[in-house]
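Structure first, commentary second.
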Amino acid sequence: MVGLSLMRRLGTTALGLPNGPHRVTVRRDLEVPAADGITLLADHYAPADVERPPTVLVRSPYGRRGPFGLMCGQAFASHGFQAVVQSVRGGFGSGGVFEPLDESEDGLATIAWLKEQPWFGGTFAMHGPSYLGYVQWAVADQAGPELKALSMQVTASQFRDAINVGGTFALESTLIWVDVTSRMKHPLSGITTGLMSPRRARRAALSGRPLAELDVLATGEQQRFFQDLLVNGPDTTFWDKRDFSPTVSEVAAPVNMTGGWYDIFLPWQLKDYAALRAGGHRPYLTIGPWFHADQRMMRGSIRESMDWFRAHLLDDPSGLREEPVRVFVTGADQWREFPDWPVPGMRERRWHLQPDGGLGHDRAPESEPDRYRYDPDHPTPFLGGPTLLGDNHPVTDQRRLERRRDVLTYTSDVLDDDLEIIGPVTAELFIRSDREHTDFVVRLCDVGPDEESLNLCEGMRRLVPGTPEADDEGVRRVALELWPAGHRFQAGHRIRVQVCSGAYPRVARNPGTGEPIGTASRMLTADQEIFHEPGRPSAIVLPEVPCV
């Protein structure tokens, strides 16, 4: 046991995780009965010299050993907590078949089992990123008074809107995740899948085959969850037992939330924050310059969770910061702390799209609309932005994209002074299309003196007949929510807005036919018009704050 403990400590050091003063004992493959009789397996980590300390519960589809055992089990136990790391249904020895996003019953059964263990000290917390955070929301409102704290990273109480972002279909991230979970069979599989799943997913997505065939191309066999997503849009009953957003405000345990500006779940994580605030709670919120699986964020979250758990399970708030909201401002490369989100002092300001590619505060004069043609057989690509595994660089020079004929750009004059934005970013487009089924994408960029155009945030919206309604001339007003941003445009830089109709393969191409997305094979071009005139003032709305 001493030799194994040394190896575990060396492992956490190699991962950059904090080793504590306690020697750790581990009991493997504890059997946890689920409500339907199947058995879930868990590993139990405990500090050898502390009697019945608080427990940190982690439920994962990615295995309970390897990196997750070190990050969640060894690290917490060496600092004086117990840790239970469980494999969810259908993986790594746990019985049954993996049912993605259906985690409430098994989670509550695990908590009931935990409370009956002789080593349980009477209180527990939950920790984990992504799916490991989602499972916290699945039980948090029913876990009982023994649940004293939650700490979750890059996650949300529902994944429906991230999968169907703006009504589109988040093809690449979904396909990557389906490939990852179909191959996670042993502790080291995370290393290979993390490298290979993005390649397999992109190769399948770029094959040109109908969406319903892509899971087979990527994984070698049909995946039921992927097929379910193709036929169950955001308004179907499929999501009823997979959406825990209605109960977020009712969660009594204090919540610590960590997100990233380039994370695929950030907009919905911030909706969870708003729901907690509306319920009278004071959650912690940290947003850094991270993408979804960013290891910098993962390592830091362990330390932050420990401080959060010490405060709420051990009555030691010494590790907590003064302000509950902390964000990293890109462009300034500075951390800032605030009492709330949206941050105090923020004001929304419209930057209007202008004729001849300008961007400014004044409404555009009477002018002809700008035009481009979107061809789904040659879809507008995605170069950088919110990403799952970082296979695409989250921030990428956009000039190659901006040279395409199916991308419009609108650029401000050179800024005389620094301009800082922190908060939600939205856009309003007045458009006309010869297709009732079509997409629009808006992206905000920072253009430096060397003309490098770096993406900051983006949003997309899929249009269907009658939503939104067209006026007598066929013009529709389209509201888009972009990802939030925290950025300083430095003096000498310019602000740029891109408008296009695709971000492939981040989101599935719109064939323009209205056919079901899984089986659509015909591809129709869309002729798009963007208006900028006094009665149709297309604009992006930026959350400006005073520079400090």
Side-chain angles (χ1 to χ4, degrees), residues 61-62 90-91 98-103 129-134 154-184 193-194 196-236 238-239 242-243 262-269 291-293 379 381-382 385-392 394 439 441 458-462 483 502-511 516-520:
Y62 309 119
F98 180 44
E99 298 286 350
L101 307 183
D102 187 2
E103 294 292 350
S130 191
Y131 199 95
L132 287 67
Y134 171 82
V154 290
T155 194
S157 61
Q158 52 88 8
F159 287 2
R160 176 196 60 230
D161 292 341
I163 292 171
N164 299 280
V165 55
T168 67
F169 182 70
L171 174 59
E172 189 166 34
S173 291
T174 303
L175 199 55
I176 290 171
W177 190 78
V178 167
D179 186 80
V180 167
T181 53
S182 72
R183 299 174 187 273
M184 296 288 288
T193 54
M196 296 305 299
S197 288
R199 299 178 188 178
R200 286 189 289 260
R202 175 153 290 218
R203 185 168 59 245
L206 296 179
S207 69
R209 302 300 301 164
L211 264 62
E213 301 177 14
L214 300 187
D215 53 346
V216 175
L217 288 176
T219 72
E221 59 185 0
Q222 193 172 81
Q223 304 295 327
R224 191 183 73 179
F225 181 62
F226 186 77
Q227 297 296 321
D228 285 343
L229 295 179
L230 295 180
V231 298
N232 289 284
D235 298 324
T236 62
F238 173 82
W239 295 101
R242 297 173 172 86
D243 178 2
Y262 315 111
D263 175 43
I264 59 174
F265 294 119
L266 179 62
W268 302 281
Q269 186 173 39
F291 60 89
H292 185 74
F382 166 72
T387 182
L388 184 68
L389 295 181
D391 41 298
N392 292 311
D439 292 351
V441 177
E458 63 188 47
M460 51 275 300
R461 174 87 181 270
R462 177 152 293 187
W483 258 238
Y504 190 72
R506 185 193 170 201
V507 298
R509 53 190 172 173
N510 193 324
I517 61 172
T519 56

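Residue numbers count from 1 along this sequence.
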Would you say [X] and [Y] make side-chain contact, with heavy atoms under 4.5 Å?
X: His292; Y: Leu389; value: no
X: Ser207; Y: Glu213; value: no
X: Arg183; Y: Met196; value: no
X: Pro381; Y: Tyr504; value: no
X: Val507; Y: Phe382; value: no
X: Phe169; Y: Leu230; value: yes
X: Leu217; Y: Arg203; value: no
X: Ile264; Y: Thr387; value: no

For Arg160, all residues meeting side-chain hydrogen bond (donor to acceptor under 3.5 Å, both in side chains), sequence neighbours excluded
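Arg160 satisfies side-chain hydrogen bond (donor to acceptor under 3.5 Å, both in side chains) with Asp243 once adjacent residues are dropped.
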
Residue list, side-chain hydrogen bond (donor to acceptor under 3.5 Å, both in side chains) with Asp228, at least two apart or on another chain:
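Not a single residue meets the side-chain hydrogen bond (donor to acceptor under 3.5 Å, both in side chains) criterion with Asp228.
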
Let me confirm one number: the [atom1]-[atom2] distance from [X] to [Y], rounded to the nearest 0.5 Å.
X: Trp483; Y: Leu266; atom1: CH2; atom2: CG; result: 8.0 Å
X: Thr168; Y: Ile163; atom1: OG1; atom2: CD1; result: 11.0 Å
X: Asp263; Y: Leu388; atom1: CG; atom2: CG; result: 8.5 Å
X: Leu214; Y: Leu206; atom1: CG; atom2: CG; result: 9.5 Å
X: Met460; Y: Asp439; atom1: CE; atom2: CG; result: 8.5 Å
X: Asn232; Y: Asn164; atom1: CG; atom2: CG; result: 9.5 Å

Heavy-atom closest pair, residues [X] and [Y]:
X: Gly518; Y: Pro210; result: O-CB, 3.7 Å
X: Arg462; Y: Ile517; result: NH1-CG2, 3.9 Å
X: Asp179; Y: Ser182; result: O-OG, 2.8 Å
X: Gln227; Y: Ala212; result: NE2-O, 2.9 Å
X: Asp215; Y: Gln223; result: OD2-N, 2.8 Å
X: Ala162; Y: Ala170; result: O-CB, 3.4 Å

Step by step, work out the side chain to side chain contact (heavy atoms under 4.5 Å, CB included) result for Phe225 and Glu99.
CA-CA 8 Å; Phe225 181 62; Glu99 298 286 350; over 6 Å; no

N/O donor-acceptor pair under 3.5 Å between Thr219 side chain and Glu221 backbone
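Yes, Thr219 side chain to Glu221 backbone: donor-acceptor pair under 3.5 Å.
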
So does Tyr131 get a backbone contact from the side chain of Tyr62, meaning a donor-acceptor N/O pair under 3.5 Å?
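Answer holds: no.
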
Cationic tip of Arg242 above Phe238 ring, under 6.0 Å, 45° of axis:
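Ring-cation test returns yes.
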
Are the ring centres of Phe226 and Trp177 closer than 6.0 Å?
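No: the rings miss the under 6.0 Å criterion.
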
So, Phe159 versus Phe265, ring centres under 6.0 angstrom or not?
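Yes; Phe265 has its ring centre under 6.0 Å from that of Phe159.
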
Donor + acceptor pair across side chains of Gln158, Tyr134 (<3.5 Å):
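Not at all, the side chains of Gln158 and Tyr134 share no donor-acceptor pair under 3.5 Å.
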
Just do the side chain to side chain contact (heavy atoms under 4.5 Å, CB included) check on Val154 and Phe291 with the steps written out, would you?
CA-CA 9 Å; Val154 290; Phe291 60 89; over 6 Å; no

Should Ile176 and Val180 be marked as a side chain to side chain contact (heavy atoms under 4.5 Å, CB included) after you check the CA-CA gap, both sets of side-chain angles, and the distance that decides it?
CA-CA 6 Å; Ile176 290 171; Val180 167; 4.2 Å; yes

Pairing residues for Tyr262 by the ring-ring contact (aromatic ring centres under 6.0 Å, His included) criterion, not counting sequence neighbours
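Tyr262: no ring-ring contact (aromatic ring centres under 6.0 Å, His included) contacts found.
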
